[in-house]
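The structure appears below as structure tokens.
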Amino acid sequence: MTVINVAKGTSISRSDNQHITIVGGGMVGLSLALMLAKRLPDAIAVSLIEKFPFPSVEQKKESFVEKIHQASFDARSTAISAGSAALLASIDCWDALAAQAEAINTIHISDRGHYASTQLDAQEQEVDALGYVVENHFLGHCLLQQLQQSRVKVIAPAIVERCQFTQQDVKILLAAESSNNQNKQQVIATDLLIIADGADSPLCRSMGIDSHKKNYQQSAIIANVALDKPHKGIAYERFTDQGPLALLPLSNCEQQHRAALVWTRNNEEANRLASVSDGNFLNELQQAMGHRAGKLTHIGERNMYPLTLVQSSEQVRSRVVVMGNAAHFLHPVAGQGFNLSLRDCATLVDVLVDVLVEALTKNNRVNKQNINTCIDVGELAILQRYLSRREADQHRTIALTDAMVKTFSSTELSRSVFRQMGLLGLNAMPTAKKILAKQMMGMV
Ligand SMILES: Cc1cc2nc3c(=O)[nH]c(=O)nc-3n(C[C@H](O)[C@H](O)[C@H](O)COP(=O)(O)OP(=O)(O)OC[C@H]3O[C@@H](n4cnc5c(N)ncnc54)[C@H](O)[C@@H]3O)c2cc1C
């Protein structure tokens, strides 16, 4: 790793090693760093820069939760598809996660006030589980545990201020407060810069990479809910006049049956709900949910997320790839954002591995130790190869999510009828159900 402290006017030199540097240590940045470190040879260095300090995983789980600041690892839970579970297993995170993850055996989809409903079953789809639900802070704990054992060079806390591009590399300039010596600006030279600094990325904007936004005028309220009976691995997806509501099965805590709530409401309603008492909130929730999941007995801390579809106008440039929320920030209705990004990460690593293998087979003087001398990981053609492999899945997943928001948030009669027909149609058409299940499981 080349970290250079430069006083104004000092020239910068770079070592011969190839470097990949990720900006942003959220769920996506961490997962990608681990995949790169695991699958690429040591001659290609991997670094990660994060604004907040990473807590030590030796700390007790409770204090780890207090100490973690990254946006990804807050009080939310994430529905992980079976495909994502396999990718997390490939970076040795799944064994620990599985101990706490709750399997989704059934997804029950219904429309409040109407008869039609449908159900996706793991057994019917011939899989062990349709997906798994993990609490984000525990996912963070497992990813950091692996990071500490990996060869990834971590630079945290440090804020990337801007980047300068040259023919040979990218110079990443850290904010002065990140440096030990305030008179010198820390500069990191890298061959490939991965931007994973979150939605509406400031770093992208500083490079003139715009984003397209579609404000849904909705917010998601998330909280953990206690139930009076076991959830039996059922995830409920319920569509109400004001927006979709999901109740995902969570592992028991202190012998309490729990579920993770994601309730989407228009902004005004979400603000109102955020301020009502726990008792009133539970009453309204129970009314919207009905009694399928049982009686809702307690509600934990409530958090709110404004919802906008944000898509970066460019995902690759020479020496740059935009990933995670910085590339596409999705509505959580279908629980696809992280799953989609994990597939992006895996493909980028696949493409880099393919390029390395091609170089090894073409030139017999090249080996794993000197491979860095004959490829350039920041080459635009390589990055375009990555994007062309990802475009179809990205378009499909974003379109499905957007269509679900439109169809299932609307009070228009035509959409309501369409919704009913859709649910009944799914029951009558096992093939359509299979396609939907495969997309939700990240297996298309
Ligand atoms: C309510 C809700 C529910 C969701 N549920 C699901 C689900 O069930 N399933 C699913 O697949 N997805 C779900 N998602 C989506 C998922 O949360 C995101 O895909 C994921 O958080 C994206 O992580 P990220 O690493 O790209 O971005 P972030 O989590 O935003 O991380 C960005 C990181 O970059 C750092 N950073 C920013 N700027 C700088 C800088 N200049 N220098 C250094 N570091 C910097 C930040 O500190 C942060 O740690 C949900 C989202 C929401 C809002």
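One-based numbering, in listed order, for ligands and for the atoms of each.
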Task: Sidechain-backbone polar pair: D121 side chain, Q123 backbone, donor-acceptor under 3.5 Å - done: no
Open item on the list: Evaluate V28 for polar contact with ligand 1, using N/O atom pairs at a separation under 3.5 Å.
Closed with: yes
- [ ] Could you grab the distance from atom CG of L296 to atom NE2 of H291, nearest 0.5 Å is fine?
- [x] 7.5 Å
- [ ] Just go through E50, E161, M323 and tell me whose heavy atom is the nearest to atom 48 (C) of ligand 1.
- [x] E50
Task: Heteroatom proximity flag, G335 to ligand 1, N/O under 3.5 Å - done: yes
Task: Per-atom contacts of ligand 1 with G198, taking only distances under 4.0 Å to non-hydrogen atoms - done: 27 (O), 30 (O), 32 (C)
Task: Nearest option to atom 2 (C) of ligand 1, as decided by whichever heavy atom of R162, H328, R76 sits closest - done: R76
Task: Proximal atoms of ligand 1 relative to G324 (non-hydrogen, under 4.0 Å) - done: 26 (O)
Open item on the list: I want to know if ligand 1 touches T78 in the polar sense, i.e. an N/O pair below 3.5 angstrom.
Closed with: no
Open item on the list: Within 45 degrees of the ring normal and closer than 6.0 Å to the centroid, is that where the cationic atom of R292 sits relative to Y236?
Closed with: no
Open item on the list: Only heavy atoms of M27, strictly under 4.0 Å: list the atoms of ligand 1 that pass.
Closed with: 21 (O), 25 (O)
Task: Side chain to side chain, L40 and L352, heavy atoms closer than 4.5 Å - done: yes
TODO: Answer with yes or no whether I159 contacts ligand 1, where contact means a heavy atom under 4.0 Å from a ligand atom.
DONE: yes
Task: Contact with ligand 1 for A196, non-hydrogen, under 4.0 angstrom - done: yes
Open item on the list: Within the 4.5 Å heavy-atom criterion, are S47 and I20 side-chain neighbours or not?
Closed with: no
Open item on the list: For a 4.5 angstrom cut-off between non-hydrogen side-chain atoms, does Y386 reach V355?
Closed with: no
Task: SB check D210 R205 (cutoff 4.0 Å) - done: no
- [ ] Report yes if the side chains of S318 and E379 come closer than 4.5 Å at any heavy-atom pair, otherwise no.
- [x] no
TODO: Ignoring hydrogens, just give me the one of A260, A158, S206, A79 whose non-hydrogen atom is nearest atom 7 (C) of ligand 1.
DONE: A79
- [ ] Would you mind running through ligand 1 and noting each atom that sits below 4.0 Å from a heavy atom of F52?
- [x] 47 (O)
Task: Distance filter under 4.0 Å to K51 heavy atoms, resulting ligand 1 atoms - done: 43 (C), 44 (N), 45 (C), 47 (O)
- [ ] May I ask you to list the atoms of ligand 1 that are less than 4.0 angstrom from any heavy atom of F338?
- [x] 10 (C), 11 (O), 12 (N), 15 (C), 19 (O)
TODO: Classify the contact between I222 and ligand 1 as side chain, backbone, both or neither, using a heavy-atom distance cut-off of under 4.0 Å.
DONE: side chain
Task: NE2 on H231 to NE2 on H257, rounded to 0.5 Å - done: 8.5 Å
Task: For atom 42 (N) of ligand 1, the option (of V160, L340, N339, V333) bearing the nearest heavy atom - done: V160
Task: Min side-chain heavy-atom separation L227-T297 under 4.5 Å - done: no
Task: Per-atom contacts, ligand 1 versus G337 - under 4.0 Å to a heavy atom - done: 10 (C), 11 (O), 12 (N), 19 (O)
Task: Nearest heavy-atom neighbours spanning H19 and T190 - done: O-OG1, 3.1 Å
